[in-house]
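A short write-up of the structure that comes next.
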Amino acid sequence: MIYVCSLREMPRHAAALRPSHIVSLIDHGYQPPTPAGFPPARHHRVQVHDISDPVEGMVCPVEADVARLIEFLGQWDGRAPLLVHCYAGISRSMAAALVALVVGAPGREAEAASAMRRVAPHAQPNRRIVALADAILGRDGRLIAACERMGPARLLPEGPLVRLDRLL
């Protein structure tokens, strides 16, 4: 299972779900501490703002950030939950969850995006993270296209906890 939540809800969900891995995609000023008793080596941090194009004074996701994320996701065996969060649980975290769904499932990008839309009408995956992952994974635009086909998201200030089942 892959779970996606907001920063505010992350400590509570980490305690309840007992994930084997956590991904925090949030700028430096909001990075949370690793939950008590959780191995720091299994808490991956991507310190970026939620932007898709460079903006002065903000940190835009770059290829190295997404490559390290993909490498970290490759260490997750799927037996215990993966918990992913950003500030609101809508954009950066949904992009990372989409990548987690397809990293070991080439050719299933459309299925992953459709599954995400079904359980998360508010999901609006960060386009830059998705595009960088598409290139790194060699998906020839299929991940970008699948994300685009999701259509507009239902606007919420903060997303609820979302559960995504791995593609097998």
Side-chain angles (χ1 to χ4, degrees), residues 1-7 9-10 13 17 19-27 42-53 59-78 80-156 158-168:
M1 290 338 128
I2 300 167
Y3 290 92
V4 181
C5 68
S6 66
L7 169 65
E9 294 289 322
M10 186 277 285
H13 294 311
L17 297 170
S20 65
H21 292 72
I22 297 173
V23 177
S24 297
L25 295 107
I26 197 160
D27 59 279
R42 287 193 268 149
H43 183 183
H44 184 69
R45 298 168 185 279
V46 183
Q47 298 187 53
V48 296
H49 289 92
D50 188 18
I51 56 176
S52 292
D53 296 304
V59 180
C60 193
V62 296
E63 184 177 347
D65 295 320
V66 178
R68 283 189 297 272
L69 171 65
I70 291 168
E71 181 181 338
F72 180 79
L73 292 171
Q75 298 168 19
W76 174 59
D77 65 14
L82 167 68
L83 181 61
V84 183
H85 80 90
C86 59
Y87 189 81
I90 293 172
S91 181
R92 290 167 285 187
S93 56
M94 287 295 179
L98 185 60
V99 172
L101 286 171
V102 303
V103 74
R108 299 182 73 187
E109 297 81 11
E111 182 182 346
S114 292
M116 177 173 281
R117 177 53 76 224
R118 274 192 306 278
V119 299
H122 63 281
Q124 190 173 338
N126 178 285
R127 303 290 193 226
R128 185 170 182 97
I129 293 171
V130 170
L132 290 167
D134 186 284
I136 293 166
L137 294 170
R139 300 303 166 90
D140 298 317
R142 291 188 310 270
L143 187 56
I144 296 166
C147 190
E148 292 297 327
R149 281 193 299 275
M150 287 175 68
R154 189 175 93 209
L155 298 178
L156 294 176
E158 182 176 297
L161 179 67
V162 169
R163 174 186 154 173
L164 294 158
D165 295 323
R166 288 183 75 189
L167 303 175
L168 301 175

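Because the structure is predicted, anything quoted here is derived from the model rather than measured. Residues take their numbers from the sequence shown, with the count starting at 1.
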- Evaluate the criterion side-chain contact (heavy atoms from CB on, under 4.5 Å) for residue pair E9 and L161; output intermediate values, then yes/no. CA-CA 8 Å; E9 294 289 322; L161 179 67; over 6 Å; no
- Check I136 against E63 and note the closest heavy-atom contact, atom names and distance. CD1-O, 3.6 Å
- Main-chain N/O of M150 paired with R117 side-chain donor or acceptor, under 3.5 Å: yes
- Message: Any heavy-atom pair between the side chains of I51 and R128 that's under 4.5 Å?
- Response: no
- Task: Could you pull out the closest heavy-atom pair between P125 and V130, with the gap in Å?
- Result: CB-CG2, 3.9 Å
- Between I90 and L156 the two heavy atoms that sit nearest each other are CD1-O, 3.1 Å
- Message: For the CG atom of L73 and the CD1 atom of I2, what is their distance to the nearest 0.5 Å?
- Response: 8.0 Å
- Task: Return each pair, listed once, that meets side chain to side chain donor-acceptor pair (under 3.5 Å) where at least one residue sits in residues 85-105; pairs must be two or more places apart or across chains.
- Result: S24-H85, D50-S91
- Query: Which residue pairs satisfy the salt bridge (Lys or Arg N to Asp or Glu O under 4.0 Å) criterion with at least one member in residues 104-114, sequence neighbours excluded?
  - Reply: R108-E111, E109-R139, E109-R142
- Contact check, side chains of N126 and S52, non-hydrogen atoms, under 4.5 Å: yes
- Approximate separation, where rounding is to 0.5 Å, of L164 CG and R118 CZ: 10.0 Å
- Message: Classify the ring geometry of H21 against F72: parallel below 30°, tilted from 30° to 60°, perpendicular beyond 60°.
- Response: perpendicular
- Message: Using every non-hydrogen atom in the two residues, find where L83 and C5 come nearest and quote the distance to one decimal.
- Response: CD1-SG, 3.8 Å
- Item | Which atom of V4 lies closest to which atom of A97, heavy atoms considered | CG2-CB, 3.6 Å
- Message: For E158, I'd like to know if atom CD has over 12 heavy atoms of other residues, nucleotides or ligands within 6.0 Å.
- Response: yes
- Is R127 close to E148 at the side-chain level, that is, under 4.5 Å between some pair of heavy atoms? yes
- To the nearest 0.5 Å, atom CE of M94 lies from atom SG of C86 at 8.0 Å
- Minimum heavy-atom distance between C60 and D53, given as atom pair plus value: SG-C, 3.8 Å
- Message: Once rounded to the nearest 0.5 Å, what's the spacing between atom CE of M10 and atom CD1 of I22?
- Response: 5.5 Å
- Side-chain touch V59/Q47, heavy atoms, less than 4.5 angstrom: no
- Side chain proximity check, L137 to P106, heavy atoms < 4.5 angstrom: no
- Task: Any chance you could measure L25, atom CG, to H44, atom NE2, to the nearest 0.5 Å?
- Result: 7.5 Å
- Message: Less than 4.5 Å apart, side chain to side chain, heavy atoms only: is that true for L82 and R166?
- Response: no
- Query: Has the side chain of D134 got a donor or acceptor atom that lies under 3.5 Å from a matching backbone atom of L143?
  - Reply: yes
- Query: Does the side chain of P81 reach to within under 4.5 Å of the side chain of R163, using non-hydrogen atoms?
  - Reply: no
- Query: Is the closest side-chain heavy-atom distance between R68 and V46 below 4.5 Å?
  - Reply: no
